[in-house]
There are 2 protein chains.
Amino acid sequence: MPSKPLPPITMDAVYAAPGYLFRRMQQIAVSIFMEECKAFDLTPVQYAALIAIHTHPGIDATRLSAVIAFDRSTLGSVIERLQVKDYIERKPAPEDKRIKLLYLTKSGAAILREIIPVVERAQARMLEPLKPADRKVLMGLLVQLVDLNNEASRVPLRAEDALEHLGKAG
Amino acid sequence: MPSKPLPPITMDAVYAAPGYLFRRMQQIAVSIFMEECKAFDLTPVQYAALIAIHTHPGIDATRLSAVIAFDRSTLGSVIERLQVKDYIERKPAPEDKRIKLLYLTKSGAAILREIIPVVERAQARMLEPLKPADRKVLMGLLVQLVDLNNEASRVPLRAEDALEHLGKAG
DNA sequence: TGTTAATTGACAGTATACTCACGATCTAGG
DNA sequence: CCTAGATCGTGAGTATACTGTCAATTAACA
């Protein structure tokens, strides 16, 4: 019989774990984003997708998923919701029948212009409780950590993929 | 007509945003957790719930949600899955017919004992790319930020709620 | 060229994570 | 005591976030 008792376990096994803190901070970040942007019917993911499509007009869904590091399957429904809201449109690619090219509509460009300053305020609010110097330190370390751990995620960021839809010579 | 063009927007509006980095880091953390723990059929959320139930035997679902800062509705299905796996059991509270008290089963205690060192390795892996000193700085700032932003989240952490199920005198 | 391999978007399935709402139950106030 | 309000678990509805798989299409290669 394994009668050896459990080692002393406290909630610190959860509260002090990096994974828990990242989850918690993500919850808080989404909450602040949604609160600031409640006048706009737009989620953080949808916002990132709009930015990426604006920055890379004519990108396809697979490359978009690489550029913002979202799962390809998830992105399908995100794109559909953005299309229903008339913020983006999908056009079939003439040279590849599998691909649908993504473009911002006028509505999409307009909402983006309006929401950007609001989002910036939300982003600032997330770090507001820290001293300005600490904010810089935290962001610096996070950028490093996310970059160095890029390959560890299921959907690594591939920012360079974004350029492939612009006539590739190679 | 609003013919004013969009201000210059680059992907840095996404990549450098705290919210995006938190989301990305959370994705990475879950990925590493699941990879390390693939021998155990347990998610990060289920793990945290098991720890909390072990630490607070006889807690009810609502208080559990406050202790680990998970949404009450979400927790319902988490609890059900843990029950199906026979890691926890629910007993009706004699003095309050609304409440169901949560307890670890022997299976639950066993899996917890086995998985804890594996989870610790996963947690270490998340920070591994950073220098040891930087890991401490990052965790310190994160703990601060999560704590100071606690009220900003939809489901604030209420660690003290955990004690209420132990005969309250007030 | 013709078969194989890879890619694209789509779908099903699972698991968080939140919203609002509902019935059952308990508690407080009059 | 008995009603008003709070609380408990639960369910529906939406949105990520991942796992697979699939058909259609394209690319690579023998």
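Within every chain, numbering begins at 1; the chains are lettered A, B, ... in the order of the sequence lines, protein sequences first and strands thereafter. Fair warning: this is a prediction, and the values are worked out from it, not measured in the lab.
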> Do I68(B) and L75(B) have side-chain heavy atoms sitting under 4.5 Å apart?
Replying inline: yes
>> Without decimals, in angstroms, what is the distance between F40(B) CZ and dA15(C) C1'?
In response: 20 Å
> DNA chain D: F70(A) or K97(A), which has the more 5' nearest nucleotide?
Replying inline: F70(A)
>> Expressed as a whole number of angstroms, how long is the span from I79(A):CD1 to dA15(D):C1'?
In response: 15 Å
> How many Å lie between CG on L50(A) and P on dA15(D), as a whole number?
Replying inline: 14 Å
>> How many whole angstroms separate atom CG of D71(A) from atom C1' of dA15(D)?
In response: 14 Å
>> Using a heavy-atom cut-off of 4.0 Å across all strands, would you classify V78(B) as base, sugar-phosphate, or nothing?
In response: sugar-phosphate
>> So if I take every side-chain heavy atom of S73(A) and compare against dC8(D), dA10(C), dT8(C), which nucleotide ends up nearest?
In response: dA10(C)
>> Please confirm whether the shortest side-chain N or O distance from R63(A) to OP1 or OP2 of dT8(C) is below 4.0 Å.
In response: yes
>> For dG9(D) and T62(B) - does any side-chain N or O of the residue sit under 4.0 Å from the phosphate oxygens OP1/OP2?
In response: yes
>> What is the distance, to the nearest angstrom, from the CZ atom on F22(A) to the C1' atom on dT16(C)?
In response: 18 Å
>> Does dA10(C) have OP1 or OP2 under 4.0 Å away from a side-chain N or O of K100(A)?
In response: yes
>> Measuring only between side-chain heavy atoms, which start at C-beta, is M126(B) closer than 4.5 Å to L145(A)?
In response: no
> Nearest 0.5 Å, what's the CG-CD1 distance between D60(B) and I53(B)?
Replying inline: 10.5 Å
>> Checking contacts here: which listed nucleotide (dT16(C), dT16(D), dC26(C)) is nearest the side-chain heavy atoms of R98(B)?
In response: dC26(C)
>> Output the rounded distance in Å from NZ (K38(B)) to P (dT14(C)).
In response: 22 Å
>> Without decimals, in angstroms, what is the distance between L75(B) CG and dG11(D) P?
In response: 14 Å
> Just how far, in rounded Å, is P of dC18(D) from CD1 of I32(B)?
Replying inline: 13 Å
>> Quick check on dG9(C): is either OP1 or OP2 less than 4.0 Å from any side-chain nitrogen or oxygen of R72(A)?
In response: no
>> Does a side-chain N or O of R90(A) approach OP1 or OP2 of dA10(C) to a distance below 4.0 Å, or not?
In response: yes
>> Count I, L, V, M, F, W, Y as connected when their side-chain heavy atoms are under 4.5 Å apart, and connections chain through other members. Are L148(A) and L21(B) then in the same cluster?
In response: no
>> From C-beta outward on S77(A), which listed nucleotide comes closest to its side chain: dT16(D), dT25(D), dT16(C)?
In response: dT16(D)
>> Considering every strand and a 4.0 Å limit on heavy-atom distances, what is the contact class for T43(A): base, sugar-phosphate, or nothing?
In response: sugar-phosphate
>> Categorize D96(A) for me: base, sugar-phosphate, or nothing, with a 4.0 angstrom heavy-atom threshold over every strand shown.
In response: sugar-phosphate
> Heavy atoms, side chains only, cut-off 4.5 Å: are Q46(A) and K85(A) in contact?
Replying inline: yes
> Can you find a pair of side-chain heavy atoms, one from N149(A) and one from P129(B), that are under 4.5 Å apart?
Replying inline: yes
> Pick the nucleotide of DNA chain C nearest each of T74(B) and E80(A); which residue has the one closer to the 5' end?
Replying inline: E80(A)
>> Using OP1 and OP2 only, check whether a side-chain N or O of Q46(B) sits under 4.0 Å from dT16(C).
In response: yes
